[in-house]
Amino acid sequence: MHEEITIERLAYGDASIGRASNGKTVFVEGGCPGDVALVEMTADKGTYLEGRAVDIITPSADRVIPACPYAAECGGCGWQHVSYERQLEAKRDNVVSQLARTAGFGEERAQELVAACVPSKRQMGYRNKLEFGCARDERGGFVTGPYRKHTNDILPVDSCPLAHKAIEKAPKAVRGALRYLSGSNDLGIYRVGVRHSLRTKSLEVALWTNPGAFPRAAVAKTLSQAVKATSIVRVMTDDRGKARKLKGVEVLAGKGFWTESVCGEDFKVSAPSFFQVNTAQAEHLVRIALEGLELDDDAVVADLYCGVGTFTLPLARACDLVFAVESYGSSVRDLRRVSEEAGLDNIEVIGGDAARELPELGELDALVVDPPRAGLAAEIIGSIAEANPRRVAYVSCNPSTWARDVARLEDVGYALLRATPVDMFPQTYHTEVVSIFERKA
């Protein structure tokens, strides 16, 4: 079934939203707000429909030509056909919508509390990291690349214009090298990561494999010829059970870590450790959070889910003591190293679960939380109230779970003062939100 539909807005996701003649909401793949599109209905979900734009009858003024030829096929960035100004508006609108509905703030109060989305200076070429899946093609040859939209099939792209120029063509170079190396042998590589820093010029290639025999010298030599890497590592994981368990990292060539500089701090990051993919925008996250906390130099602060210390080090320079809590072993080791090399002896690194560790820290003057997409565990909310910080900075990569937690924090005595969306991921629907809470009088 086909129907002519006017696209009204962008959803939180790759789809756009319009309304069918029967009044149902339609989530349309490939639409841009303002388009009049011929939409093929692909699914009836009862309360709403799903469809895809098969013809743009009248294009929107906000419709642009994607910079990447794979934009419609690749699952990496679904908003390349939308003008950047409209992307920023949509990201703010999605945060406002979650605050109004999920947190129950209502439209007017939500509009007052949410700032304009902080734009990224680079809208293409901003990613410091590319990560690809691996497979064998029908002839048995090694392929690596992003996944096709809505599938587990590899899209063997030659380049990715979202990445820094230095690694933009890494997909083709790495694929060629690994295809030559693997021949008819399976090297057990299931993921490839490439990281680059514009500031330090560091470039690392990480090969994720199962443990076992591996032609280290040959891989190091061939990859070194294909990519000008400062580090080549093999990350070994055991895939028995649900989650892949980290078994170790082997240095195949070079330094064995990737270096990056954020807010004047130097980080040596191991391949398994998380790091924000848009370095310049990560500095905005730190700046907004620290300004919002209004720290005194004798303050005692906790940084939960702190990773390798993006917030921890700037916090340590602004206050008396920082408890840095992180559960992932690789990140804990990186943070211990970086805080030692920075000469910061007022950081207490705690390797453990945030929900378990927070009650042990006593009273705090301020708190930073930067949880994964699932947001804060319910039990942590009560522990925050008991720690009694004057202000809390909550950094989120998921507006939906963030809005749920906003309501919970309000219930235990913390008022949301403001929320600032920061565009870490141009050309995608993803956004980060930095929110500041204050203890109610």
Side-chain angles (χ1 to χ4, degrees), residues 68-70 74 76 125 127-148 152-198 200-239 244 246-260 268-273 275 277 330:
C68 177
Y70 304 104
C74 176
R127 285 190 68 97
N128 60 36
K129 182 184 187 183
L130 289 175
E131 198 161 79
F132 297 126
C134 305
R136 293 260 166 185
D137 62 20
E138 60 278 2
R139 288 178 292 185
F142 180 89
V143 289
T144 182
Y147 292 102
R148 286 184 193 276
N152 290 321
D153 300 336
I154 300 291
L155 185 64
V157 304
D158 287 345
S159 64
C160 176
L162 286 193
H164 292 175
K165 272 277 186 280
I167 56 171
E168 182 183 357
K169 293 184 170 63
K172 184 179 182 181
V174 170
R175 181 171 69 244
L178 295 179
R179 197 171 188 131
Y180 166 75
L181 282 160
S182 58
S184 56
N185 303 313
D186 186 356
L187 299 179
I189 301 169
Y190 66 87
R191 189 198 305 172
V192 176
V194 185
R195 273 173 166 159
H196 172 261
S197 167
L198 290 168
T200 69
K201 308 304 178 203
S202 175
L203 196 164
E204 181 173 79
V205 179
L207 308 175
W208 295 68
T209 80
N210 301 317
F214 194 76
R216 296 175 189 82
V219 169
K221 182 182 177 186
T222 306
L223 268 179
S224 296
Q225 289 167 347
V227 185
K228 290 185 172 66
T230 55
S231 173
I232 301 173
V233 298
R234 176 194 182 197
V235 182
M236 292 172 290
T237 61
D238 189 347
D239 62 359
R244 289 182 183 267
L246 185 64
K247 304 299 281 185
V249 178
E250 282 183 346
V251 181
L252 304 181
K255 294 179 176 179
F257 52 80
W258 174 67
T259 59
E260 182 58 296
K268 291 178 179 174
V269 185
S270 304
S273 299
F275 204 88
V277 300
S330 172

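In what follows, every heavy atom counts, from backbone to side chain, and hydrogens, waters and symmetry copies are set aside.
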In a check of side chain to side chain contact (heavy atoms under 4.5 Å, CB included) between C74 and each of P146, C68, P69, which one passes? P146

What do you reckon, is NZ of K201 surrounded by more than 12 foreign heavy atoms closer than 6.0 Å? yes

Over all atoms of both residues, closest heavy-atom pair of F132 and G145: CD2-C, 3.2 Å

Please name all residues satisfying side chain to side chain contact (heavy atoms under 4.5 Å, CB included) with S197, sequence neighbours left out, ordered by chain then number. R199, T200, W258, E260

R175: partners by salt bridge (charged side-chain N to carboxylate O under 4.0 Å, His left out), with sequence neighbours left out: D158

Taking only residues two or more places apart in sequence or in another chain, which ones pass side chain to side chain contact (heavy atoms under 4.5 Å, CB included) with C160? L130, L162

Listed once per pair and sorted, the salt bridge (Lys or Arg N to Asp or Glu O under 4.0 Å) pairs that draw on residues 206-225, sequence neighbours left out: R216-E250

Apply side chain to side chain contact (heavy atoms under 4.5 Å, CB included) to I154 and list each qualifying residue two or more places apart in sequence or on a separate chain. A135, V143, Y147

Just by distance, do the side chain of T237 and the backbone of L246 share a donor-acceptor pair under 3.5 Å? no

Say you draw a straight line from CG of L178 to CG of L223; how long is it, rounded to the nearest 0.5 Å? 5.0 Å

Excluding sequence neighbours, so at least two apart, what forms ring-ring contact (aromatic ring centres under 6.0 Å, His included) with F257? none

Is there a side-chain contact between L207 and V233 in this structure, where contact means two heavy atoms from C-beta onward sitting under 4.5 Å apart? no

For P215, check side chain to side chain contact (heavy atoms under 4.5 Å, CB included) against everything at least two apart and list the hits. L187, A218, V219

Which residues satisfy the side-chain hydrogen bond (donor to acceptor under 3.5 Å, both in side chains) test with R179, sequence neighbours excluded? D137

Please give me the minimum heavy-atom distance between M236 and V249, naming the atom from each residue. CE-N, 4.5 Å

Using side-chain hydrogen bond (donor to acceptor under 3.5 Å, both in side chains) as the criterion, list what pairs up with S270, not counting sequence neighbours. D334

Minimal non-hydrogen separation, R195 against A271, with atom names: NH1-O, 3.6 Å

Pair listing, ring-ring contact (aromatic ring centres under 6.0 Å, His included) test, anchored in residues 162-181, at least two apart: H164-H196

Quick one: does R136's side chain get under 4.5 Å of S182's, heavy atoms only? yes

Taking side chain to side chain contact (heavy atoms under 4.5 Å, CB included) as the criterion, tell me which of I167, V227, I189 meets it with V174. V227

Only pairs at least two apart or in different chains count here, so list each ring-ring contact (aromatic ring centres under 6.0 Å, His included) that has a residue in residues 204-233. none

Taking all non-hydrogen atoms of both residues, which atom of T209 and which atom of R234 are closest, and how far apart? OG1-NE, 2.8 Å

